[in-house]
Amino acid sequence: AQTVTQSQPEMSVQEAETVTLSCTYDTSESDYYLFWYKQPPSRQMILVIRQEAYKQQNATENRFSVNFQKAAKSFSLKISDSQLGDAAMYFCAYRSANNFNKFYFGSGTKLNVKP
Amino acid sequence: DAGVTQSPTHLIKTRGQQVTLRCSPKSGHDTVSWYQQALGQGPQFIFQYYEEEERQRGNFPDRFSGHQFPNYSSELNVNALLLGDSALYLCASSSTSGRALRTDTQYFGPGTRLTVL
């Protein structure tokens, strides 16, 4: 079974600075998707960014970008110009591209943003 | 455009009781998945419904059952509640399409907080 590991339970960043959240995963498949979700204290899970494994180019969404290293099975999230509203739990998730495959989530990283 | 909605927001039950949680998917989505998120942990997959059938199931006992209706909405039922069932229950919807039945990104609802006393 696939596993997703987030080794940083909690991180802090100063407002306006850059922070990188780490994620590694284990899979024998070649076609899959990777995601970063944000869960603020109000609890609704929000999609931050999505990466398709067959695409070599790293995904970018405004201040959020990923560093996808397929061979190393690593998928880190970089948040630039951090804002107070970025404070939340961040979950890395894996999904096979096969039919009806479930998401595998990591245990999450709590990000604190200091003013 | 309404996103994924869930009801109720909070629920308190006692051990041994039964509970039903409800989910309406985002407009245009036909696939619903349910997750259990214990405090301080990542979501754990319970099961997924497409075309009113359970398509995938995680490592949850048969006390957890579900249903999908023709309008794509879904219910999660939990029987014989245990203290350990206390958690946030998340519903996520997505669109399944194509001959390969590939499913795209999931969008989550706000969740139902279940407390079992």
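Reminder, nothing fancy here: chain letters follow the sequence lines and each chain counts from 1.
- With a 4.5 angstrom heavy-atom cutoff, Phe47(B) does not touch chain A via any of its atoms.
- Pairs passing the salt bridge (charged side-chain N to carboxylate O under 4.0 Å, His left out) check and including a residue from residues 5-22 of chain A, sequence neighbours excluded, do not occur.
- When heavy atoms are compared at a cutoff of 4.5 Å, Gln6(B) does not approach chain A at all.
- Neither the backbone nor the side chain of Gln6(A) comes within contact range of chain B; no heavy atom of the residue lies under 4.5 Å from a heavy atom of that chain.
- A 6.0 Å sphere centred on NZ of Lys78(A) holds no more than 12 heavy atoms belonging to other residues, nucleotides or ligands.
- Tyr89(B) meets the ring pair (Phe, Tyr, Trp, His ring centres under 6.0 Å) test with no other residue; sequence neighbours excluded.
- Using the six-membered ring where Trp is involved, Tyr35(B) and Phe45(B) have ring planes that are perpendicular, over 60° apart on the 30 and 60° scheme.
- Interface remark: of the candidates Ser33(B), Ala92(B), Pro43(B), Pro43(B) forms the most heavy-atom pairs closer than 4.5 Å to chain A.
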